[in-house]
Amino acid sequence: MSTRPISNTRSVTGIPSARLITWWVIASEIVIFGGLLATYVMHNLGHPEWRAAAMHTNTWLGALNTFVLLTSSLSAVLAFKAADTLDGAKAAKFLRLTALGGTIFLVIKGIEWTREIHEGFVLSSGGFWSFYYVLTGLHGLHVLAGMIILLVVAADAAKNRELQRVECIGLYWHFVDIVWIFLFPLLYIAR
Amino acid sequence: MSTQVPHAEQGIFQKYFWSTDHKIIAMQYLFTGMAMGLIGGYLAYVFRMQLAFPGHSVPGFGIVTPGEYNTVVTMHGSIMIFWVAMPVLIAAFGNFLIPLMIGCDDMAFPRINRLSYQIFLLSAVVLVASFLVKGGAFGGAWTSYPPLSASGAYNLTPLGASLWLVAVALEFVAFLLGGVNFIVTAMNSRAPGMTMYDIPMVVWMIVLASIMFMASVGPLIAGAVMLLFDQTLKTGFYDPARGGDPLLWQHLFWFFGHPEVYVVLLPAIGIVAELLTVFARKKLFGYKTILYTTWATVIISFLVWAHHQFVAGIDPRMANIFSVTTLLVSVPITEMVFLYIATLYGGSIRFHTPMLWAVAFVAEFMIGGVTGIFLGASGTDIYLHDTYFVIAHFHYTFVPIAIFSVFGGLTYWYPKMFGRMLNDTLGKVHFWGTAIPFNLIFIPLFITGAAGDQRRTYNYALFAEQSRPVLQHLRMFATFGLLVMLLFQLVFLFNFFWSLRHGRRAEANPWMANTLEWTVPSPPPHGNFAKLPTVYRGPYEYGVPGRIDDYWPQDVPN
Amino acid sequence: MLERYLTGASTYAHSIDHLFLLIAALVGFWLIVAEIALFWLSFKFRRKQGRPTQYVTGEEKHLARWVTIPHLLVIVCDIVILVPALIVWFNIKQTNPPIEQTVRVFGQQWAWSFQQPGPDGILDTADDIRTVGELHVTVNTTYRFELRSRDVVHSFAVPSFRLKQDALPGRTISGWFRPNRVGTYDIQCTQICGIGHALMAGRVIVETPQEHAAWLIRASNPALAERESPPASATGASIVAEVRR
Amino acid sequence: MLANLTVVPKVAPRRFALWTLLISFGGLGLSGCRLGPTDAATRGKELFETCVPCHQPDGSGSPVLGAPNIAGMKEWYVEKQLEKFRDGIRGTHFSDVEGMRMRPMALSLPTDEDVKAVAHYVESLPPVRHASSLPGDPRAGAALYATCSACHGPNGAGNQDLGAPRIGGIDDWYLATQLRKFKRGVRGADSRDFDARLMRPMALTLADDDAVRNVVAYIGTLRP
């Protein structure tokens with residue numbers, strides 16, 4: 001790529017621009033998920049019958065997914081530590097491990113969806129299911145996007161380039177993780 | 001890691017369509033916005049002609065059927081706010097001014113910037129394409145209330161409704177990307193020595209607008225996805241028969257929609273602050289106070305949204321709270337306007353075209369502001385809600401915002417953008433030909449609104465009270481005003497394109513202004529500054545006692 | 001003030017009109033003061049040779065109070081407006097005066113229809129009178145309306161009554177009005193409801209008790225009505241001609 | 001110090017602006033001439049745009065919206081029905097949901113001449129036939145149709161003198177809906193609707209909904 005503009009290298013606040021913009025992107029994502037979750041919670045309070053629908057989600061698979069995602073976050077932290085010591089190859093290894101975690105998450109999510117669709121619960125089967133598919137689907141898209149970025153960053157990091165990006169994608173991955181931490185109890189446990 | 005590397009000669013496509021240079025991207029936003037503005041103006045012409053001569057064929061359009069009328073007003077509203085005011089005020093001026101005014105060579109993330117424009121362009125293309133699909137473009141008002149918008153059987157523009165939502169959602173994403181870039185650039189990439197209070201007001205305002213946009217639009221993006229699913233996948237988020245709630249959309253929409261007004265207002269008043277100080281040769285009266293009042297406005301504007309829904313079936317007790325917060329928002333805004341007026345005190349005012357726009361902005365915006373009180377007071381809103389009084393009110397805010405301040409800004413920064421001066425005489429002809437007819441359009445509409453004319457009505461013939469001849473004459477008068485105003489825009493277009501080639505060459509600082517963009521050649525070269533500047537003082541040091549020059553650029557050591 | 005533009009025909013029309021007048025007077029005053037200040041300053045401090053700019057930061061106490069004091073006065077005016085505004089709102093939307101009659105209002109694409117008690121005076125009995133586009137009420141009687149929508153959001157508005165309330169599908173929203181002037185008034189739909197939005201016209205006919213009783217007999221006995229002249233509904237005569245008239 | 005900003009350029013833009021304005025005003029004036037009536041055929045076609053959202057560009061209707069197939073319907077009948085809608089004779093019954101959607105659209109036609117123009121255009125549309133959508137026994141319906149054939153003709157072609165429209169080739173779901181409306185008095189109850197008041201007792205001879213479907217199925221076999 002061409003050279004970096006000066007504006008990108010300046011840091012008046014003391015926070016590197018890359019980290020700063022990651023935080024702002026996460027902030028805007030929080031508003032999107034926050035709005036959706038708040039809407040869901042408000043509706044859930046007004047519809048006691050949704051509890052019955054929520055009984056059909058598989059708590060065990062959900063819990064397993066929580067575990068998978070938390071583990072992948074751990075490897076994202078390890079990748080950041082490796083990048084901090086300028087060990088690009090190691091960072092890349094951990095990033096790919098994180099992406100693998102994301103893949104497992106999506107596979108399990110896919111199994112869940114398949115089961116639910118087989119049981120006849122689809123997007124249009126009522127309020128709870130509409131929210132369920134929209135929330136998990138939107139989250140799944142974020143996981144997918146995160147995985148792609150993880151792999152791109154890993155490819156660079158393996159050649160010891162752009163190591164500052166390891167931290168940014170790590171932050172983003174934690175955010176995706178935390179969104180799941182909110183989704184899991186709301187969709188699987190609160191019945 | 002250094003800039004100032006001489007860039008290889010790029011092809012036309014590389015230079016104008018694939019550039020990461022903030023100035024080119026600003027121009028892309030500006031010209032896209034202007035093109036969309038022409039469409040929006042044409043639509044206004046169509047529905048005003050229909051209202052003045054109902055049932056007659058409108059020259060250049062044909063007979064306006066009820067369905068077409070809905071489409072035309074819906075698209076006029078959507079285009080003017082989302083595809084004209086937003087791109088021009090925030091993106092075009094933001095992209096052009098922020099790096100230049102804070103003294104750096106580009107945005108912090110130039111490629112994100114390019115991506116933001118490309119998504120925006122895509123959204124504009126989707127919107128324009130929606131005119132061509134079967135059933136025509138969406139006709140359920142720019143507020144898009146479900147269940148009307150949620151079902152093709154109700155709105156009768158099933159494809160248009162979905163395309164409209166897709167276009168709006170894409171537009172939001174584009175401005176989120178652009179917005180985080182603005183915020184980070186202004187936070188991190190300022191020239192050495194530029195403290196928070198040395199930032200020119202317009203940069204502050206664009207950044208605050210971006211933060212506000214970011215904080216308000218999220219729920220609506222989620223809401224738009226839900227509405228899209230209601231339209232296409234038969235979910236029931238907004239369908240009361242299936243456990244949904246039509247009011248939910250109204251809350252999500254107005255939680256965004258009201259801050260959105262301030263999102264476009266803030267850059268406009270930022271531009272006006274620059275114009276007033278430069279042409280009055282005055283320091284801005286109470287820089288910090290203006291900043292605090294802006295923050296107050298930003299915060300309060302998140303708490304007023306339900307004043308659009310007083311009679312929408314919300315709990316009537318809630319209306320009291322929102323009535324109070326709505327009148328509360330008038331407090332900081334009034335203070336701000338007073339400070340702007342006070343800035344003129346003791347000045348030495350030059351009435352060049354940009355200054356005319358700036359003063360007209362303040363004068364007209366005040367009318368828009370005070371008429372808002374009638375609508376924020378819940379008692380009178382029962383009667384005035386969704387009448388032409390509302391239309392006249394918000395046009396008295398939006399037209400100064402999206403037209404007056406934009407023309408002021410364009411005439412002021414034109415030499416910096418294109419390296420040539422606009423013709424001042426033509427500029428003044430255009431100014432008077434816009435500002436006077438503008439009042440001719442909307443003052444009659446206040447009266448028809450107070451007489452009960454309801455909005456989005458293509459023909460009042462079935463309403464005995466509304467088809468009184470006097471009201472019809474007022475409508476015709478408003479249409480006359482619009483025609484005159486539209487014609488005078490030709491003067492601007494001519495001036496704009498003629499001056500590109502034939503205008504007098506502009507020196508670096510033709511207006512004797514202080515801010516950093518005037519320290520570089522006009523137009524600025526790629527990379528902006530030959531030597532990156534250091535800032536020694538605030539942006540509005542005009543008429544400082546003891547100096548020979550009445551201005552004191554920010555980058556001059558003493 | 002609003003009376004000049006449109007007749008008021010219900011008991012609360014006056015309170016809204018007075019509130020409008022109060023706001024107009026207060027904000028009008030401030031608008032004029034501010035506009036005069038703006039134009040006077042623009043004129044007074046226009047560029048003159050040999051008159052330098054004054055260096056004012058806005059922090060100076062003696063100057064800042066020219067902004068602060070008017071600003072405080074504006075806050076006072078805000079409160080003066082707010083209190084009556086909330087009172088008017090409370091009286092119209094939050095109180096329930098003693099109800100004498102009930103009428104059910106339905107909005108649908110694109111007509112207003114009404115269900116009223118028949119001669120027995122009770123709603124939801126066999127003799128209920130159902131009308132489309134026309135509501136007959138008695139003058140000086142307090143009506144409670146129950147508003148419903150059959151499809152999309154509509155807004156039931158009678159400008160002469162200063163009455164406006166959105167109708168939401170799946171919900172019944174009630175309110176009240178008390179007409180105090182005999183005559184025929186427009187019913188509008190003020191919330192966009194599809195391509196027929198502008199044509200969703202109705203009329204409310206405020207009658208004396210005698211007229212209303214006569215209408216009630218006619219309406220509840222269709223056989224009788226057939227022998228009389230057809231009811232005056234919105235005509236299909238040239239709508240261009242109506243505007244020109 | 002800013003005095004030299006107003007510069008007289010080489011080409012006088014003032015003169016250009018004047019001409020531009022003059023030409024534009026002139027153009028507007030000329031275009032104003034078009035405000036007068038255009039020829040009826042063009043106007044009918046243009047006004048048909050009002051009907052398109054529900055009845056579709058080819059006039060073949062939309063069952064979802066309850067909009068009948070009107071392509072090729074006779075001008076006299078379309079005009080008569082539009083006038084009935086405009087006068088509040090049709091589309092003003094409390095239970096006539098589709099009629100209430102149609103009435104405002106009929107009212108949106110500016111003049112009676114415009115009604116004629118649209119009706120003329122509707123007749124000029126090539127008729128469209130849809131496959132049947134309701135279950136019904138055409139053989140059982142044939143016997144019932146004897147009552148109808150007196151006015152609507154043995155092949156369902158209609159009879160203008162008797163005010164009977166063509167029913168052959170009309171979509172079955174629409175015929176069934178209208179027969180039910182006649183039976184319930186949703187259509188034909190207005191004292192001014194003479195044709196419909198003739199039709200109502202005929203519809204009442206159909207004993208139940210099976211009879212309605214059967215006769216509609218038989219009408220579906222007619223080729224007028």
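Note that these values count all heavy atoms, side chains included, but never hydrogens, waters or copies made by symmetry. Each chain gets a letter, A, B and so on, in the order its sequence line appears, and its residues count up from 1. None of the values given here were measured: they were computed from a predicted structure.
Chain A is approached within less than 4.5 Å, heavy atom to heavy atom, by B/Met187, B/Asn188, B/Ser189, B/Arg190, B/Ala191, B/Pro192 from residues 186-194 of chain B, ordered by number.
Contact record, A/Val25 with B/Val180: N-CG1, 4.2 Å, taken as the closest heavy-atom pair. The two residues A/Asn8 and B/Ala108 come nearest to each other via the heavy atoms ND2-O, 2.6 Å. The minimum heavy-atom distance between B/Phe237 and A/His43, with the atom names listed, is O-NE2, 4.3 Å.
Contacts of A/Tyr133 with chain B are absent, with no heavy-atom separation under 4.5 Å from either backbone or side chain. Contacts of B/Phe229 with chain A are made by side-chain atoms alone, with heavy-atom separations under 4.5 Å and no backbone atom involved. Residue contact with chain B, scored on non-hydrogen atoms closer than 4.5 Å, is absent for A/Ala38. Heavy atoms of B/Leu220 lying under 4.5 Å from chain A are absent altogether. Neither the backbone nor the side chain of B/Leu177 comes within less than 4.5 Å of any heavy atom in chain A. In this structure, the portions of B/Leu233 lying under 4.5 Å from any heavy atom of chain A include both its backbone and its side chain. With a threshold of 4.5 angstrom between heavy atoms, B/Asp245 approaches chain A through its backbone and through its side chain.
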Practice task
Report the C-alpha separation of A/Leu36 and B/Met226 in whole Å, then their side-chain angles, then the decisive distance to 0.1 Å, and conclude whether the side chain to side chain contact (heavy atoms under 4.5 Å, CB included) test is met.
Solution key: CA-CA 9 Å; A/Leu36 199 52; B/Met226 285 150 66; 3.3 Å; yes
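Looking at heavy atoms from C-beta onward, B/Leu248 lies out of side-chain contact with A/Met42 at the 4.5 angstrom threshold. The side-chain heavy atoms of B/Pro99 and A/Ser7, taken from C-beta on, include no pair separated by under 4.5 Å. With a 4.5 Å cut-off on side-chain heavy atoms, B/Thr235 and A/Trp129 do not count as touching. The side-chain heavy atoms of B/Arg242 and A/Ser124, taken from C-beta on, include a pair separated by under 4.5 Å. In this structure, the side chains of A/Leu138 and B/Val225 stay at 4.5 Å or more apart for every pair of heavy atoms.
Looking at B/Asp106, its side chain never comes within 3.5 Å of a backbone N or O of A/Ile6 through a donor-acceptor pair.
Among A/His47, A/Arg10, A/Glu49, A/Glu29, the residue making the largest number of heavy-atom pairs under 4.5 Å with chain B is A/Arg10. For the set B/Met214, B/Met107, B/Lys234, the count of heavy-atom pairs under 4.5 angstrom toward chain A peaks at B/Met214. Listed options A/Thr13, A/Val31, A/Ile15 were ranked by heavy-atom pairs under 4.5 angstrom with chain B; first place goes to A/Val31.
Distance CH2/A/Trp24 to CD1/B/Ile211: 4.0 Å, rounded to 0.5 Å.
Enclosure of atom CH2 in A/Trp23 is not indicated, since only 12 or fewer non-hydrogen atoms of other residues, nucleotides or ligands lie within 6.0 angstrom.
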